[in-house]
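Notes follow once the structure below has been shown.
Because only heavy atoms are used, hydrogens play no part in the values below, and waters and symmetry mates are left out as well, while side chains stay in. Model, not experiment: these values are computed from the prediction.
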Amino acid sequence: MNPIDKFTNIDAVYPITDAKEEDTLLDYVWELAMLIHPALPKKVKGGALEGSEALPTFKERYNNRLIKMPLTYEEYKKNKEIQPTLAGLEIDSDKFWFLLLFIWDYTQGQCFNAQELAPSPIGELNSFIKLLSQYKAAGENPLTDQIQFSKDITLSIQINGKEVQTIQHPNTIGYLLSLCEKSFQSFCDMELEDMIAMCEVPLKDTSNTESNSSQIRYFTLLFKSMLQPFPNGIMTTQKRRSRNNEVSYNVTFLISRLIYLTEISNNEGFKVDEHTLKGYLSNKSKLTHVKNRIY
């Protein structure tokens, strides 16, 4: 039997201070969801409240039994390798169960048939600034100084794929760079709703065809972000091995076992040690930037 049959506070996008017991079970989920799938900050007295649009979706899918993770709650609680590890790391077992459900479901929507995203306007601007700044060699003010770059840089403007103008003079490029830097700095001081158009991420016409290996890497990435000591993660302590050497507190090995138990991979190497997973993590290629198919 699951720790809770159905959630009632379905529409909550922001955590509440007088949370019911059912909401406290989602403490770990809230922490991750606000990081990877945030809602617009809600203005409250004395500051802003962070939230996540993913929580209502997760609760609804849980209530409707749409999360088809192969590992059951009963199997999870009886597992003689996972439970001692969680206990040793002082991680709440039931809260971790819901985190596992959420991450497994989220990676399903992220890594298979998800629509690819183009960079946001503010993302393009940031990339433009970083690219040019690394080659700036001399001169501060393009209006009074001779700007120099360490490489020959040319900017081109295309209309319908046809180049119509090139910009080559270092001072012209330096001036454009300075304008972008000033504008970007001003964005950092603005409220998100005042620059929403700059933050919108357009969809591409293509969907990703990620492999199972991408799900393994993304699953690991999300768990690694949580399996850290407080205040950055959910662990109250950090250990390596139990005194009798029977219980491993290796976080990577814990994740590896979860990959096997949830049937993300049927490779038995994942349940033996962490070396199989480390082999997948050695792949440094970037994961595709997509809109989650489920969330």
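- A donor-acceptor distance shorter than 3.5 angstrom exists from the side chain of R293 to the backbone of F112, with no hydrogens or angles considered.
- The salt bridge (Lys or Arg N to Asp or Glu O under 4.0 Å) check on D94 picks up K77, with sequence neighbours excluded.
- Here the side chain of T262 pairs no donor or acceptor atom with the backbone of L71 at under 3.5 angstrom.
- Distance CD1/I36 to CG/L221: 9.0 Å, rounded to 0.5 Å.
- The side-chain heavy atoms of L86 and L254, taken from C-beta on, include a pair separated by under 4.5 Å.
- For K95, the salt bridge (Lys or Arg N to Asp or Glu O under 4.0 Å) partners at least two apart in sequence or on another chain are D27.
- The list of side chain to side chain donor-acceptor pair (under 3.5 Å) pairs with a residue in residues 147-160, not counting sequence neighbours, is empty.
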* Apply side-chain hydrogen bond (donor to acceptor under 3.5 Å, both in side chains) to the pair S256 and K278, showing each step before the final yes or no. => CA-CA 9 Å; S256 184; K278 285 184 176 180; over 6 Å; no
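- Residue Q215 holds its CD atom at 10.5 Å from CD of Q110, rounded to the nearest 0.5 Å.
- Atom NZ of K78 sits about 8.0 Å away from atom OG1 of T72, to the nearest 0.5 Å.
- Taking OG1 of T107 as the start and CD1 of I259 as the end, the distance is 9.5 Å to the nearest 0.5 Å.
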* Asked: What's the verdict on side-chain contact (heavy atoms from CB on, under 4.5 Å) for T220 and Y280, showing C-alpha distance, side-chain angles and the deciding distance?
  -> CA-CA 10 Å; T220 304; Y280 280 86; over 6 Å; no
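- Every residue meeting the ring-ring contact (aromatic ring centres under 6.0 Å, His included) condition with F102, not counting sequence neighbours, appears here in chain and number order: F58, Y106, Y295.
- Not a single salt bridge (Lys or Arg N to Asp or Glu O under 4.0 Å) links K271 to another residue, sequence neighbours left out.
- L143 belongs to a hydrophobic cluster with Y175, L179, counting contacts under 4.5 Å between side-chain heavy atoms of Ile, Leu, Val, Met, Phe, Trp and Tyr, direct or through other members.
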* Verdict with supporting geometry, F184 and I122, side-chain contact (heavy atoms from CB on, under 4.5 Å) -> CA-CA 8 Å; F184 192 82; I122 199 168; 3.7 Å; yes
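- Using a 4.5 Å cut-off between side-chain heavy atoms of Ile, Leu, Val, Met, Phe, Trp and Tyr, with links allowed through other members, I167 and L125 fall into the same hydrophobic cluster.
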* Verdict with reasoning, F7 to L26, per side-chain contact (heavy atoms from CB on, under 4.5 Å) -> CA-CA 10 Å; F7 292 101; L26 297 178; 3.7 Å; yes
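- Shown here are the ring-ring contact (aromatic ring centres under 6.0 Å, His included) partners of F223, two or more places apart in sequence or in another chain: F96, F219.
- Minimum interatomic distance between I216 and S265 (heavy atoms only, all atoms of both residues): CD1-CB, 4.1 Å.
- With hydrogens and angles disregarded, no donor-acceptor distance shorter than 3.5 Å links the side chain of Y14 to the backbone of A39.
- One hydrophobic cluster, built from ILVMFWY side chains closer than 4.5 Å, holds both I147 and L131.
- Of the inter-residue distances, the one linking M34 atom CE with L49 atom CG reads 8.0 Å to the nearest 0.5 angstrom.
- Each side chain to side chain donor-acceptor pair (under 3.5 Å) pair with one or both residues in residues 50-67, not counting sequence neighbours, appears once here: D5-R65, D23-K59, R61-D105.
- In terms of heavy-atom proximity, L55 sits nearest to A33 at CD2-CB, 3.4 Å.
- Legend: residues meeting ring-ring contact (aromatic ring centres under 6.0 Å, His included) with F128, ordered by chain and number and at least two apart, are absent.
- Under a hydrophobic-cluster definition in which Ile, Leu, Val, Met, Phe, Trp and Tyr are linked whenever side-chain heavy atoms come within less than 4.5 Å, directly or via other members, L35 and I103 are assigned to the same cluster.
- Grouping the Ile, Leu, Val, Met, Phe, Trp and Tyr side chains by contacts below 4.5 angstrom, directly or via other members, places Y260 apart from V272.
- Considering only residues two or more places apart in sequence or on other chains, W104 meets the ring-ring contact (aromatic ring centres under 6.0 Å, His included) condition with none of them.
- At least one donor-acceptor pair under 3.5 Å links the side chain of N212 to the backbone N or O of I264.
- Of all non-hydrogen atoms in F149 and P170, the two that sit nearest each other are CE1-O, 3.5 Å.
- Residue-environment remark: CD (Q134) exceeds the threshold of 12 foreign heavy atoms within 6.0 Å.
- Shown here for P142 and E140, the closest heavy-atom pair between the two residues is CD-O, 3.5 Å.
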* Show your reasoning for whether side-chain contact (heavy atoms from CB on, under 4.5 Å) applies to L176 and L155. => CA-CA 11 Å; L176 293 174; L155 304 180; 4.0 Å; yes
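- Listed for the D145 side chain is a donor-acceptor partner under 3.5 Å among the backbone atoms of N141.
- Looking at residues two or more places apart in sequence or on another chain, you find a side-chain hydrogen bond (donor to acceptor under 3.5 Å, both in side chains) between T8 and E22.
- The stretch residues 65-91 participates, sequence neighbours left out, in these ring-ring contact (aromatic ring centres under 6.0 Å, His included) pairs: Y73-W97, Y76-W97.
- Taken together through direct or relayed side-chain contacts under 4.5 Å among Ile, Leu, Val, Met, Phe, Trp and Tyr, F98 and I10 form part of one hydrophobic cluster.
- Across A12 and N9, no two heavy atoms sit closer than the pair CB-ND2, 3.5 Å.
- Here the side chains of V251 and M235 are in contact, with some heavy-atom distance below 4.5 Å.
- For the residue pair G51 and W30, the shortest heavy atom distance occurs at CA-CZ3, 4.4 Å.
- One distance of note links CG of L281 with OG1 of T276; it measures 11.0 Å at 0.5 Å rounding.
- Checked by atom type and distance alone, the side chain of T172 never pairs as donor or acceptor with a backbone atom of Q168 at under 3.5 Å.
- No donor-acceptor pair under 3.5 Å is formed between the side chain of S133 and the backbone N or O of K130.
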